[in-house]
Each structure stands twice: as structure tokens, then as C-alpha cells.
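To start, the structure itself, in C-alpha cells.
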Amino acid sequence: MPNRRSRKLKVRKAQSRKSRERGSIKWVYYTGGFLTLIILVGLIAGYNSLRSYLRSDEFRLMLSEEVGYELNGDATLTTFQWDGWNIQTENFSFKELNGFQNINALGIDAQVDIGAIWGGVYRIENVHLRELEFIGDFRSDPKREILIKERPAKEEGFWDPFLPDSFDVTGIDVASVNGSAETDDGVWAWENAS
């Protein structure tokens with residue numbers, strides 16, 4: 001009898017150990033699946049939030065401010081139309097703070113490289129301009145006061161630490177350039193250049 005009883009006990013212990021092993025393996029699978037699901041939902045939510053921000057007026061105004069700051073003047077972009085990651089806007093205008101130059105671009109098409117955002121940069125590629133008008137005044141005038149635009153202080157929002165802080169524009173193609181530039185040597189003008 002003791003032999004039978006010890007066998008039953010060993011069988012029960014073995015079955016108990018196997019059921020515990022199966023339970024711990026199930027727990028690992030469920031936890032791994034749950035964590036994978038959370039990561040997947042987080043990535044989708046992050047992608048949609050980024051996409052929504054890039055298509056907002058807030059982004060367009062921020063882009064206008066950044067261009068204006070970098071070129072030392074006031075820049076304005078009209079409303080963006082999106083098709084996937086291709087972007088179109090009808091007009092970009094820029095007036096330098098010192099009044100030396102004015103730029104007006106019509107019919108702008110470009111592509112946004114979404115992968116570059118993960119690298120910390122807004123990359124705009126394959127920019128095509130239908131028409132570019134340029135007026136510049138490069139005469140040296142010792143009485144002319146040079147103004148420099150200062151970057152305005154702004155409150156940092158929730159998403160700001162996660163968003164890129166630099167812009168990269170690659171490949172600009174201009175179909176037609178019209179303009180003039182005043183220099184100390186005279187006026188230079190061009191029409192329908194590309």
C-alpha cells in the first residue's frame with residue numbers, strides 16, 4: 001500500500017508541476033500579447049496625432065513663423081491641401097524686415113518625408129513652384145537701419161518635446177522666375193527664367 005500511495009503522490013506532484021508550468025507559460029503569453037497590443041495602439045495613436053498636427057493650421061502658422069525668423073522677415077503660407085503626404089498650397093509670400101526683398105511663390109507642390117520626423121527633422125522634398133516673383137534691393141546705404149527679427153518666446157506644449165525642431169528642404173524646382181534686384185551697379189531684371 002505505501003508503494004501505491006507514494007506513486008499516486010508522485011503522479012499528483014508531477015501533474016501539479018505541469019499545470020503550474022502551463023499556467024506560467026500562459027501568463028507569459030498573455031502578458032506579452034497585452035504589451036504588444038499596448039505598443040501597437042500607442043504607435044497608431046502617435047502616428048495619427050502627428051498626422052493631425054501636420055495638417056493643422058497651427059503647424060502652417062508655426063512653419064510661416066519659422067521661415068520668417070530664418071529669413072529675417074514676415075512669411076505667410078496659404079492653407080495647405082493634403083493628398084497622402086503630398087502637400088499643395090497656392091501662395092507663399094515673404095517680406096524682409098528691412099524691406100530689401102520681397103518673394104512671392106505661386107502654386108507650390110511638395111512631399112513630406114514622414115520618416116525624417118523620427119530623426120528629429122521636418123523634411124520637405126521635391127518642392128515645385130509654378131511661379132516665383134522676386135524683388136530685391138541690395139544697394140549699400142549707410143543711413144539704412146538694419147533690423148533683426150527676434151525669435152518670440154513661446155510656451156512649450158505637451159507635444160513639443162516629441163516634435164522636431166529643425167527643417168530640411170531638398171530639391172526645389174521653379175518653372176518660372178520673374179524679378180528684379182537693385183544693386184549699386186544698377187537694376188537687374190529677369191523674366192520667365194527657370
Side-chain angles (χ1 to χ4, degrees), residues 53-157 159-161 163-194:
Y53 173 70
L54 290 176
R55 292 168 188 247
S56 70
D57 275 342
E58 182 183 351
F59 173 72
R60 180 181 59 83
L61 294 173
M62 185 271 302
L63 185 60
S64 296
E65 286 177 13
E66 287 295 320
V67 169
Y69 172 75
E70 291 299 324
L71 297 176
N72 195 35
D74 293 318
T76 306
L77 286 159
T78 57
T79 305
F80 294 157
Q81 289 87 39
W82 290 87
D83 181 18
W85 289 108
N86 295 327
I87 185 172
Q88 294 179 341
T89 187
E90 191 54 38
N91 190 15
F92 165 76
S93 61
F94 170 76
K95 180 171 176 55
E96 189 179 43
L97 196 60
N98 299 304
F100 294 152
Q101 54 183 297
N102 296 303
I103 299 171
N104 194 29
L106 302 172
I108 303 169
D109 296 318
Q111 294 175 339
V112 175
D113 179 6
I114 189 68
I117 290 174
W118 303 116
V121 64
Y122 292 112
R123 182 168 295 127
I124 314 291
E125 298 179 333
N126 303 324
V127 179
H128 298 284
L129 306 175
R130 184 178 65 232
E131 186 177 341
L132 179 67
E133 297 171 351
F134 173 83
I135 299 171
D137 185 351
F138 301 103
R139 294 175 290 180
S140 55
D141 184 357
K143 296 178 185 175
R144 188 178 286 175
E145 184 181 340
I146 304 296
L147 302 173
I148 297 176
K149 187 170 188 170
E150 294 184 24
R151 188 180 297 270
K154 64 176 186 174
E155 283 187 32
E156 195 168 290
W159 291 107
D160 286 344
L163 295 173
D165 56 358
S166 62
F167 288 91
D168 186 14
V169 178
T170 61
I172 298 177
D173 179 33
V174 182
S176 175
V177 179
N178 301 307
S180 64
E182 291 186 56
T183 66
D184 291 333
D185 296 331
V187 177
W188 296 76
W190 55 92
E191 199 171 310
N192 293 325
S194 63

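Below, each value reflects all heavy atoms present in this structure, side chains not excepted, and no hydrogens, waters or symmetry copies. All residue numbers in this chain count up from 1 along the given sequence.
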- [ ] Taking side-chain contact (heavy atoms from CB on, under 4.5 Å) as the test, write out the residues that go with Ala110, two or more places apart.
- [x] Ile87, Ile124, Val127
TODO: Mind listing the closest non-hydrogen atom pair of Asp113 and Glu125 along with its distance?
DONE: OD2-OE2, 3.7 Å
Open item on the list: To the closest 0.5 Å, what do you measure between CZ (Arg130) and CD (Gln88)?
Closed with: 10.0 Å
Task: Atom pair CG/CE of Leu54 and Met62 - distance to nearest 0.5 Å - done: 8.0 Å
Open item on the list: With a 4.5 Å cut-off on side-chain heavy atoms, are Gln111 and Trp85 touching?
Closed with: no
Open item on the list: Quick check on Gln81: does its CD atom have over 12 non-hydrogen neighbours (other residues, nucleotides or ligands) under 6.0 Å away?
Closed with: yes
Task: Rounded distance (nearest 0.5 Å) linking atom CG of Leu129 with atom CD of Glu131 - done: 10.0 Å
Task: Reported CG-to-CG distance for the pair Asp173 and Asn126, which is rounded to 0.5 angstrom - done: 9.5 Å
Open item on the list: Which heavy atom of Arg123 sits nearest to which heavy atom of Asp168, and what is that distance?
Closed with: NE-OD2, 3.0 Å
Task: Under 3.5 Å: donor-acceptor pair, side chain of Asn104, backbone of Glu133 - done: no
TODO: For the residue pair Asp109 and His128, confirm or rule out a side-chain donor-acceptor distance under 3.5 Å.
DONE: no
Open item on the list: Could you tell me if the side chain of Tyr122 sits less than 4.5 Å from the side chain of Val112, heavy atoms only?
Closed with: no
- [ ] Say whether, by atom type as modelled, one donor and one acceptor occur between the side chain of Ser180 and the main chain of Ile135 under 3.5 angstrom.
- [x] no
Task: Ring center gap for Phe134 and Phe94 short of 6.0 angstrom - done: no
Open item on the list: Just checking Trp188: does its CH2 atom have more than 12 heavy atoms from other residues, nucleotides or ligands closer to it than 6.0 angstrom?
Closed with: no
Task: Residues Lys95 and Asp74 bridged, charged N to O under 4.0 Å - done: no
Open item on the list: Treating Arg55 as the side-chain partner and Trp82 as the backbone partner, does any N or O pair qualify as donor plus acceptor under 3.5 Å?
Closed with: no
- [ ] Ignoring hydrogens and angles, state whether a donor on the side chain of Asn91 or Thr78 is under 3.5 Å from an acceptor on the partner side chain.
- [x] no
Open item on the list: Holding to side-chain contact (heavy atoms from CB on, under 4.5 Å), I want the full list of residues that pass it with Asp184, two or more places apart in sequence or in another chain.
Closed with: Arg139, Ser140
TODO: State whether a side-chain donor-acceptor pair under 3.5 Å links Glu191 with Asn178.
DONE: no
TODO: Calculate, to the nearest 0.5 Å, the distance between atoms CD and CG belonging to Glu90 and Leu77 respectively.
DONE: 12.0 Å
Open item on the list: Testing the basics here: between Ala75 and Phe92, what is the closest heavy-atom pair and its distance to 0.1 Å?
Closed with: CB-CE1, 3.7 Å
